[in-house]
Trainee: 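Submitted below is the structure of interest, expressed as structure tokens.
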Amino acid sequence: MEQMKQQNKKPVVVGIGELLWDLLPTGKTAGGAPINFVYHASRLGAEGYAISAIGDDDNGRDILSELDKYKIQYLIEKLPYPTGTVHVDIEDDGIPHYTITERVAWDHMSPTSDAVDLAERADAICFGALGQRCQQSRETIQAILSFAPDSAYRLFDINLRQHYYNKVLIEESLYLANVLKMNDDEMSELKNLFGLKGTEEEVANWFMENYNLRMVVLTAGADYSTVYTPDEVSTLATPKVDVVDTVGAGDAFSAALVMSLLKGQTLREAHECAVKISAFVCSHKGAWPVYE
């Protein structure tokens with residue numbers, strides 16, 4: 001009976017970091033990369049939780065309403081800072097460009113006992129560089145991550161934005177992670193920061209060897225994506241779809257990949273699912289499209 005309960009148990013998936021409103025030309029949509037990850041993981045069968053902070057303001061109340069509407073569970077502090085916002089401009093090719101408001105609530109998160117308890121039972125936990133741009137949130141995220149089980153997928157979706165990162169922050173995060181995800185522009189930036197040369201595969205192998213990673217995930221926009229492990233490589237072309245915008249597509253890719261692996265699928269099967277879900281998000285507006 002106990003074994004049957006374990007088989008039926010939903011994976012516990014956590015996203016920790018920025019929670020904000022994406023202020024798009026067409027209006028505002030709730031987002032933040034780790035929260036987008038939780039949204040899609042939840043749609044795919046996870047017991048998902050968002051860990052972040054909001055202000056005591058209309059934007060904060062509205063974003064909690066969105067989380068409730070989409071049935072996203074959360075541990076959200078209410079702090080005396082404004083709720084996060086990002087101004088998003090969409091180019092003709094659907095690629096977003098971000099202007100991120102500073103000194104907002106999620107910059108001041110604290111490691112609550114509830115968040116630590118949640119991390120201890122996580123099957124996967126996602127975080128990025130942007131959520132760690134301030135010292136307080138950086139210490140909080142890293143403290144909570146330190147309680148995640150060794151068996152959990154600890155996904156560092158690097159998410160480099162503007163000037164909110166440096167090599168020290170990236171290294172600290174890599175030591176806490178066991179999966180690194182990046183896009184092709186971010187790989188170029190990492191090669192520069194770490195003084196690396198060679199092919200994408202050689203760079204991926206270098207990071208796996210030097211930081212004891214289980215996996216490196218590389219997405220290259222409309223062209224292809226590759227998932228590297230020490231024993232296997234999977235490369236798939238990106239499906240051709242009518243792109244509305246690409247906001248949240250990478251987060252959906254990560255969620256689908258991790259959820260598929262947690263369900264026992266092969267690397268190739270998980271990669272195929274990730275590509276499919278990411279393409280679905282690109283063909284809809286915003287980061288949280290309704291699953292049919």
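The figures here come from the full heavy-atom set of this structure, side chains too, leaving out hydrogens, waters and symmetry mates.
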Trainee: Answer yes if the side chains of Thr226 and Glu200 hold a donor-acceptor pair under 3.5 Å, and no otherwise.
Mentor: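 The criterion, which ignores hydrogens and geometry beyond distance, is not satisfied for Glu200 and Thr226.
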
Trainee: Suppose the criterion is salt bridge (charged side-chain N to carboxylate O under 4.0 Å, His left out): which pairs have a residue in residues 27-55, not counting sequence neighbours?
Mentor: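 Qualifying pairs: Lys28-Asp62, Glu47-Arg121.
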
Trainee: According to a hydrophobic-cluster definition based on side-chain heavy atoms being under 4.5 Å apart (Ile, Leu, Val, Met, Phe, Trp, Tyr only), do Leu130 and Tyr81 belong together?
Mentor: no

Trainee: Check whether any side-chain heavy atom of Val217 lies under 4.5 Å from a side-chain heavy atom of Ser225, and answer yes or no.
Mentor: no

Trainee: Can you measure from CG (Leu193) to OG (Ser188) and round to the nearest 0.5 angstrom?
Mentor: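 Reported to 0.5 Å precision, the distance equals 11.0 Å.
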
Trainee: Quick one: closest heavy-atom pair of Gln162 and Thr99, and the distance?
Mentor: OE1-CA, 3.5 Å

Trainee: Using atom types as modelled, flag every donor-acceptor pair under 3.5 Å from a side chain in residues 65-72 to any protein atom, sequence neighbours excluded.
Mentor:
residue: Ser65; atom: OG; partner: Arg61; partner atom: O; Å: 3.2
residue: Asp68; atom: OD1; partner: Tyr74; partner atom: OH; Å: 3.1

Trainee: Looking at Ile100 and Arg133, what are the two nearest heavy atoms and their distance?
Mentor: CG2-NH1, 3.4 Å

Trainee: Can you tell me how far the CH2 atom of Trp106 sits from the CD atom of Gln136, to the nearest 0.5 Å?
Mentor: 12.5 Å

Trainee: To the nearest 0.5 Å, how far apart are CZ in Arg214 and CG in Asn178?
Mentor: 5.0 Å

Trainee: Without swapping roles, check the side chain of Thr229 against the backbone of Met215 for a donor-acceptor pair under 3.5 Å.
Mentor: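 No, Thr229 side chain to Met215 backbone: no donor-acceptor pair under 3.5 Å.
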
Trainee: If we ignore angles and hydrogens, is there a donor and acceptor under 3.5 Å between the side chains of Glu102 and Tyr164?
Mentor: yes

Trainee: If you measure from NE2 on His108 to CD on Glu77, what distance do you get to the nearest 0.5 Å?
Mentor: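 The distance works out to 11.0 Å.
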
Trainee: Please report the shortest heavy-atom distance between Ala124 and Ala152, naming the atom on each side.
Mentor: N-CB, 4.2 Å

Trainee: Calculate, to the nearest 0.5 Å, the distance between atoms CD1 and CD belonging to Ile277 and Glu272 respectively.
Mentor: 12.5 Å

Trainee: Rounded to the nearest 0.5 Å, what's the gap from CG on Leu174 to CD1 on Ile158? Could you check?
Mentor: 6.5 Å

Trainee: Measuring centre to centre across the rings, with the benzene-like ring taken for any Trp, is Phe207 within less than 6.0 Å of Tyr228?
Mentor: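 No; Tyr228 has its ring centre 6.0 Å or more from that of Phe207.
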
Trainee: Quick one: do Leu79 and Ile63 end up in the same hydrophobic cluster if we chain Ile, Leu, Val, Met, Phe, Trp and Tyr together by side-chain heavy atoms under 4.5 Å apart?
Mentor: no

